[in-house]
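Both ligands and their constituent atoms are indexed starting at 1 by order of listing.
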Amino acid sequence: MINQRMRVNENTMSKVTLIVPVFNEADVIADFCAELTNVTNKISVKNPIFFEILLVDDGSSDNSAEIIQKMTKDDALFTGIYFSRNFGKEAAMLAGIEHATGDAVIVIDADFQHPAELISDMINKWQEGSHVVDAVKRKRAQSSFLNTIMASAFNHIMSVSTGRDMAGASDFKLLDRQVIDAIKAMPEKNRFFRGLVAWVGFDVSQIVFDTQPRRAGEKKWPFRSLLNYAINNIVAFTSLPLKIMGLVGFVLALGGGGLLLQTMVRYFSGHAVEGFTTVIAIQLITGGFILIAIGVISLYLSKIYNEIKGRPIYITKKIKIDDSDSV
Ligand code: UDP
Ligand code: MG
């Protein structure tokens, strides 16, 4: 049960930071910023809240960065953070979280797929006491059959490992300062935002939304990247694949033991079968399994290697806050 801490106080105004990861969104970003201005203005009329909007340019190769720069010059509501290259959405969201000064943050996509009018409902839930407000997808728009199957398999594995239902989970979320600080304190490099938020706990509430079709521009996730993303996050979050390997190894060994017993009995009773095919089949199965198991172990090893290197998750080229550039 959510405790009813009211966060709005007559003397102190709350501040909410909106974080928008941007990668090659030149076709939509100006319109989206206009939409955010509109939505935040409407909220401020009824609700005493300051807004800060962080536009994180994730190394776009189109002119998104120039548009963002213009936006931040014209309107102090917006701040631009510019990466030195494309580091991926996870890095962009983290940069936003690390630079946010709000009492709460809301992460929202730049392509209109996350309806900005829900921001108001999210803030209401936060003011009623929720630490996390999850926007949950009712249905996925513009998804192929293969992507839908993959997404549901992925969500299932992640639900098992976080202990929270991840079906329909999205990155469109509000996080209270306490949650932000908990997430910032995690030192891991291979990060899965949705999973981390589920993992830290706190009081969570949900709102349901229909994913809108992307307004313009291209989806940045080809199938290969999605597969990579899924594998990365599974490995980042759970050692389940290693345990499964152990289990399969155990079952194979048990089967092998049975087969060995049967072969011995036949041998000593003078009925040894020639069994060349069986030998080949067993060799191939065990050989194949061993290679898969080594592959899975290597995946984890490569993640450990990356963590140990301790490189930064992103590199900023420039941060523009009001009228002063900083590097
Ligand atoms: N994005 C990003 N870096 C990337 C890819 C995407 O910052 O490397 C941003 C993108 O600009 C958008 C959001 O992340 O605001 C979601 O990306 P997209 O629409 O391509 O993916 P979806 O999750 O909608 O399939
Ligand atoms: Mg999108």
Colleague: Sorted by first residue and then second, give each ring pair (Phe, Tyr, Trp, His ring centres under 6.0 Å) pair with at least one member in residues 150-181; sequence neighbours left out.
Modeller: H114-F172, F154-F192, F172-F209
Colleague: With heavy atoms only and a cut-off of under 4.0 Å, state how E25 meets ligand 1: side chain, backbone, both or neither.
Modeller: side chain
Colleague: Under 3.5 Å between some N or O of ligand 1 and some N or O of P21?
Modeller: yes
Colleague: Does the side chain of T101 come under 3.5 Å of the side chain of K15 through a donor N or O and an acceptor N or O?
Modeller: yes
Colleague: Just heavy atoms, cut-off under 4.0 Å: does D109 contact ligand 1 by side chain, backbone, both, or neither?
Modeller: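 The answer is both, backbone and side chain.
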Colleague: I want to check a possible cation-pi pair here: R85 against F83, using under 6.0 Å from ring centre and within 45° of the ring axis as the test.
Modeller: no
Colleague: Would you say K309 has more than 12 foreign heavy atoms packed within less than 6.0 Å of its NZ?
Modeller: yes
Colleague: Looking at M264, I want to see if its CE is surrounded by more than 12 non-hydrogen atoms of other residues, nucleotides or ligands under 6.0 Å.
Modeller: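 Atom CE in M264 is not packed in, count stays at 12 or less.
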Colleague: Under 4.0 Å from any heavy atom of A110, which atoms of ligand 1 are there?
Modeller: 15 (O)
Colleague: Go through ligand 1 atom by atom and flag the ones less than 4.0 Å from a non-hydrogen atom of Q113.
Modeller: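 Those of ligand 1 that fall under 4.0 Å from Q113 are 19 (O), 24 (O).
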Colleague: Check each heavy atom of N86 against ligand 1 and say whether those closer than 4.0 Å belong to the side chain, the backbone, both or neither.
Modeller: side chain
Colleague: Which ligand 1 atoms does D58 reach within 4.0 Å, using its non-hydrogen atoms?
Modeller: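 Result: 2 (C), 3 (N), 4 (C), 7 (O), 8 (O).
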Colleague: Looking from the Mg ion (ligand 2), what is the angle between OD2 on D111 and OE1 on Q113, to the nearest 10°?
Modeller: 100°
Colleague: Which of the atoms of ligand 1 are close to V22, meaning less than 4.0 Å from one of its heavy atoms?
Modeller: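 Near V22, the atoms of ligand 1 are 7 (O), 11 (O).
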Colleague: Looking at Y267, I want to see if its OH is surrounded by more than 12 non-hydrogen atoms of other residues, nucleotides or ligands under 6.0 Å.
Modeller: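 Not buried by this count: 12 neighbours or fewer within 6.0 Å.
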Colleague: Near D111, which atoms of ligand 1 are under 4.0 Å from a heavy atom of that residue?
Modeller: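 With D111 as reference, the close atoms of ligand 1 come out as 19 (O), 24 (O).
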Colleague: Carefully, step by step, assess F112 and D31 under the rule side chain to side chain contact (heavy atoms under 4.5 Å, CB included).
Modeller: CA-CA 9 Å; F112 286 90; D31 287 349; 3.9 Å; yes
